[in-house]
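The figures here come from the full heavy-atom set of this structure, side chains too, leaving out hydrogens, waters and symmetry mates. We count ligands from 1, going down the list as the structure has it; atoms in each ligand are counted the same way.
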Amino acid sequence: MSAPQETSSEHERLKDALSRPLHDLRISLLDRCNFRCPYCMPASEYHADYEFLTRAQRLSHDEIYTVARVAATLGVSKLRLTGGEPLLDKALPKLVDRLAVLPGIDDLALTTNAMLLAPVAQTLANAGLHRVTISLDSLDEQVFRTMSGGRGNLQQVLDGIAAAEKAGLTPIKINVVVQRGINDHTVLDLLEHFRGTGHIVRLIEFMDVGNRNGWRMEQVVPSLDLLDAVNETWPVSPLGRNYDGEVASRYRYDDGKGEIGFISSVTKPFCGSCSRARLSADGTLYTCLFATHGTDLREPLRNGADDDELADILKRIWLQRADRYSELRRPDVAAAHPLSKVEMYRIGG
Ligand code: SAM
Ligand code: SF4
Ligand code: SF4
């Protein structure tokens, strides 16, 4: 296979229709999960008979590696492995080992619910994983149970966080999806727990991803309300962005106890700087979290497309990209007439 010849000036030219560069590739390894978070994979929909992708339908690690390698030649420098639950893939360390040394990749991260993290954190770090983002919605046992669909074990998740810290998979980000009336009353306790640990908690507005999570605007707690509550308890000051395309608004605690982030996709969209492409487990490339369709890469991959052909497909997709769902979202319309959007567990968070 021939390697595509790209120069940095060509990268600079690869901008989408709204002048946004391609920097991040999020790779969903599989659509299965050991949790049933109601805001993502409600158990009523994802029951025992639900047909998840078969192994043959999923991209192999070789195929994932090929897409990542070609994407890196087009300017992608950040890779995130996600799912479904990526730690259900037992061969993950081997994939990490290969992705970590790809030329052009300077950030390799994993998003996980951390239930299965403790035993493999050191192996993943040794393989070259840089850092982890851990989803943890509450430290209240009962609320955590509800938000994991009755499947999570809080102590196991906390052990996973401790193991990731020990293995140096830092800075650790803790993602909290906030739902009004479900876990919003436990947010300050969770922040208290992680203040001073170096872990960065990010409070995420409940999003209308997919069509199966019963999203309603009333359940969204606007980041500004959370910021007010935090500020009243522990005064905070805004921090600048770490890099272009960063989605969280960052604040630091004035008492020096660390950093907190707010991800306000609903009330303060950040489409203008969105530089992310998403590869689903079946090899479909999506250019927006709220996409209704994507481009199949699995067929060309399995039909022997070489790197140049694959690069041409990726370029074509990116050059045409004009997505800005969150900027155009009308909550009343989103709830009443949902589009047929891809589900979060398929596209990866
Ligand atoms: N299973 C892994 C985990 O939960 O970390 C990785 C996949 S999960 C789809 C990635 C992220 O998406 C998680 O942090 C999760 O909380 C977030 N997420 C899922 N559904 C969401 C929704 N409706 N609104 C906001 N965030 C959501
Ligand atoms: Fe699974 Fe993550 Fe979705 Fe929860 S958010 S159901 S852990 S994929
Ligand atoms: Fe990016 Fe789509 Fe989210 Fe806008 S709505 S920030 S384009 S993923």
Distance under 4.0 Å to a non-hydrogen atom of [X]: what atoms of ligand 1 satisfy this?
X      : answer
Thr82  : 6 (C), 7 (C)
Ser135 : 3 (C), 4 (O), 5 (O), 13 (C), 14 (O)
Gly83  : 7 (C), 9 (C)
Glu205 : 25 (C)
Asn113 : 2 (C), 3 (C), 5 (O)
Asn213 : 23 (N)

I want to check something: taking the side chain as every heavy atom from C-beta on, are [X] and [Y] in contact at a cut-off of under 4.5 Å?
X      : Y      : answer
Arg321 : Cys274 : yes
Ile172 : Glu165 : yes
Leu289 : Arg278 : yes
Leu92  : Leu110 : yes
Leu301 : Thr66  : yes

Give a yes-or-no answer on whether the side chains of [X] and [Y] include a donor-acceptor pair shorter than 3.5 Å.
X      : Y      : value
Asn113 : Glu85  : yes
Thr111 : Arg80  : yes
His61  : Asp89  : yes
Ser138 : Asp140 : no
Ser237 : Asp254 : yes
Tyr286 : Asp323 : no
Ser275 : Asp24  : yes

Within less than 2.8 Å of atom 3 (Fe) of ligand 2, any N, O or S from Cys40?
->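 Within the cut-off used here (under 2.8 Å), Cys40 does place an N, O or S atom near atom 3 (Fe) of ligand 2.
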Protein heavy-atom partner closest to [atom] - residue, atom, separation in Å:
atom                    : result
atom 1 (Fe) of ligand 3 : Cys274 SG, 2.4 Å
atom 4 (Fe) of ligand 2 : Cys37 SG, 2.3 Å
atom 2 (Fe) of ligand 2 : Cys33 SG, 4.4 Å

What are the atoms of ligand 3, with element, lying closer than 4.0 Å to any heavy atom of [X]?
X      : value
Ser326 : 5 (S)
Phe270 : 6 (S)
Leu289 : 2 (Fe), 8 (S)
Asp323 : 7 (S)
Phe290 : 5 (S)

Numbered atoms and elements of ligand 2 in range of Asn113, under 4.0 angstrom, heavy atoms =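 That gives atoms 7 (S) of ligand 2.
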Per-residue contact class, Thr112 against ligand 1 - non-hydrogen pairs under 4.0 Å =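 For Thr112, the contact with ligand 1 is made by the backbone alone.
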Of the backbone atoms (N, CA, C, O) and the side-chain heavy atoms from C-beta on, which set of Asn175 has a member under 4.0 Å from an atom of ligand 1: side chain, backbone, both, or neither?
->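 Answer for Asn175: side chain.
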Anything under 30° is parallel, anything over 60° is perpendicular, the rest tilted; go ahead and classify Phe144 against Phe35.
->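 Perpendicular.
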Relative to each other, are the rings of Tyr325 and Phe290 parallel, tilted or perpendicular (30° and 60° limits)?
->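 Answer is parallel, since the angle falls under 30°.
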Check whether any N or O atom of [X], backbone or side chain, sits under 3.5 Å from an N or O atom of ligand 1, and answer yes or no.
X      : answer
Thr133 : no
Met207 : yes
Glu85  : yes

Heavy atom of Gly84, distance to ligand 2 below 4.0 Å |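 It does, in that a heavy atom of Gly84 comes within the 4.0 Å cut-off of ligand 2.
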Is there an N/O/S atom in Cys288 that lies less than 2.8 Å from atom 2 (Fe) of ligand 3?
->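 So Cys288 does bind atom 2 (Fe) of ligand 3 by this criterion.
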N, O or S atom of Cys271 closer to atom 1 (Fe) of ligand 3 than 2.8 Å |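 No.
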Do other residues, nucleotides or ligands put more than 12 heavy atoms under 6.0 Å from Glu218 CD?
->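 Result for CD/Glu218: enclosed.
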Does Gly84 have a non-hydrogen atom less than 4.0 Å from ligand 1?
->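 Heavy atoms of Gly84 do come under 4.0 Å of ligand 1.
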